Amino acid sequence: MIPMVDLKGQYLAIKDEIDRGLLEALEQTQFILGPNVRALEEETAAYLGVEHAVGVASGTDALHLALLAAGIGEGDEVITTPFTFIATAEAILYVGATPVFVDIDPKTFNIDVAQIEAAITPRTKALLPVHLFGQPADMAAIQALADKHGLVVVEDCAQSFGATIGEKQTGAMGVAGCFSFFPSKNLGCFGDGGLITTHSAETAEHLRVLRNHGSWQRYHHSELGFNSRLDELQAVILRAKLKHIDEYNAGRRRVAHRYSAALAGIGDITPPHEDGIGRHVYHQYTLLTSERDAIQQALQEAQIASAVYYPIPLHRQQVFAQQCEGVSLPVSEAVASRCLSLPIYPELADEQVDRVVEVIRGVLG
Ligand SMILES: *Cc1c(COP(=O)(O)O)cnc(C)c1O
């Protein structure tokens, strides 16, 4: 049995540290915005090379609050990709703005930067690129467009903790970076959690108010806020795992490169493409094939998991029917019909990777 992710191995490897930290936190009983959340914010800010990091309740909330803090609201348009998890675009609707979907690059599946400018209108306020599957979007080109048109860039880094462009981490390039600590993410906790990064002290302060009922001082509420704090116990787990994130991401790259080397020669498989702009951290290993159903069936019979991320691009989702009537984004649609994600996690052994490849080879000859 080979699952898509195996969280247990990672836990067992650092169980003593996690268990000890959790017990200490239970004894301390500072469960809301306690010392571990504060320490994690400092440690992640240092790792990511940003001035400030603010823990929140989820990656979805990170996007929502970051857009609010960036002043995006009613009547504004935010340009993003249709080939992402729904949360990216949900956050745009939460602040009352309208998502405008721009088609993706057929090789990297990230937003096609060459098509962004045509989608900019006088209402456009922000660009919201996603570093999809762990591969950084072309931030230099995106920032250049933003500068030219006076837009802000908010990064969706939910799948890219530890991915870099040159010396810079994803999340350190836009006005804000939004991370998810959902258990299966590259840096995952044991429940929900999220983080927003920013270089601006003012934005960080605003985010701390927004996540805590619009309160800058207990029982003083300056604006409509939310209950969206990162949980203290999750922070304990994240602090323990953060020390190993480079090792985890290196493990993902080892698995990905082993898959790609073995799959390269097989007909009707296009392994994921690294465009060289940044360092891919392989949140997912997603290939293209027109034999998806047959491969998935054979894998299932061999007790190997596989998944389709994502089967329906967002402009084709019912929730966006109103915004996207008549919108056609052919690359996203074609990729959605042919993409297939294979199991990938740092602890996946070479023999297991080879076994997955052997089953696929059996289908395609
Ligand atoms: C997981 C994910 C989110 C949402 O994160 P949650 O912590 O589950 O709310 C947002 N964007 C992308 C691209 C994601 O993969």
Side-chain angles (χ1 to χ4, degrees), residues 4-5 7 40 44 53-68 78-95 99 101-102 104 108-111 126-137 139 142 153-163 170-171 174 176-197 207 210-211 226-231 234-235 237-238 241 249 252 278 280-286 307-315 317 319-320 332 335-336 339 341 344-345:
M4 286 301 283
V5 289
L7 302 174
L40 179 76
T44 47
V54 179
V56 293
S58 69
T60 306
D61 281 6
L63 289 158
H64 178 195
L65 299 189
L67 289 174
L68 272 182
V78 178
I79 292 177
T80 192
T81 166
F83 196 62
T84 176
F85 182 57
I86 185 77
T88 311
E90 277 177 324
I92 298 170
L93 288 192
Y94 291 160
V95 301
F101 298 111
V102 164
I104 57 170
T108 64
F109 318 141
N110 274 324
I111 193 165
L127 305 179
L128 177 39
V130 178
H131 305 297
L132 194 77
F133 301 150
Q135 175 149 249
M139 289 302 292
I142 289 168
V153 180
V154 174
E155 298 174 69
D156 184 336
C157 308
Q159 303 184 358
S160 71
F161 199 105
T170 59
C178 306
F179 292 86
S180 166
F181 298 133
F182 187 83
S184 63
K185 300 291 161 86
N186 291 40
L187 179 64
C189 59
F190 294 172
D192 279 305
L195 188 85
I196 308 166
T197 51
L207 290 167
L210 285 172
R211 76 168 168 189
F226 302 86
N227 179 347
S228 181
R229 297 161 302 218
L230 177 63
D231 186 83
Q234 301 302 343
I237 293 152
L238 291 163
K241 286 197 180 186
N249 283 335
R252 289 175 176 276
H280 196 329
V281 293
Y282 286 99
H283 173 61
Q284 294 298 343
Y285 182 89
T286 303
V308 176
Y309 303 123
Y310 297 94
I312 304 171
L314 300 191
H315 66 287
Q317 297 285 355
V319 59
F320 295 119
S332 307
V335 169
C339 58
S341 301
I344 191 164
Y345 46 92

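For reference, positions follow the sequence shown, starting with 1. Read the numbers this way: they start at 1 and go in the same order the structure lists the ligands and their atoms. Since we're looking at a predicted model, the values are computed, not measured.
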#### Entry: H131: side chain to side chain donor-acceptor pair (under 3.5 Å) partners, not counting sequence neighbours
E155

## Note on the structure
Output for ligand 1, non-hydrogen cut-off under 4.0 Å, lists S58, G59, T60, L63, T84, F85, A87, T88, V130, D156, A158, Q159, S180, F182, K185, G193

### Query
Do V308 and C339 touch side chain to side chain, with heavy atoms closer than 4.5 Å?
yes

### Task
Flag the pair H283 / F133 as yes when their ring centroid distance falls below 6.0 Å, and as no otherwise.
no

### Query
Between the side chains of T286 and S341, is a donor N or O closer than 3.5 angstrom to an acceptor N or O?
yes

### Task
Go through the structure and list residues passing side chain to side chain donor-acceptor pair (under 3.5 Å) with S160, not counting sequence neighbours.
T170

### Non-neighbouring partners of Y310 that pass side chain to side chain donor-acceptor pair (under 3.5 Å), sequence neighbours left out
Q159

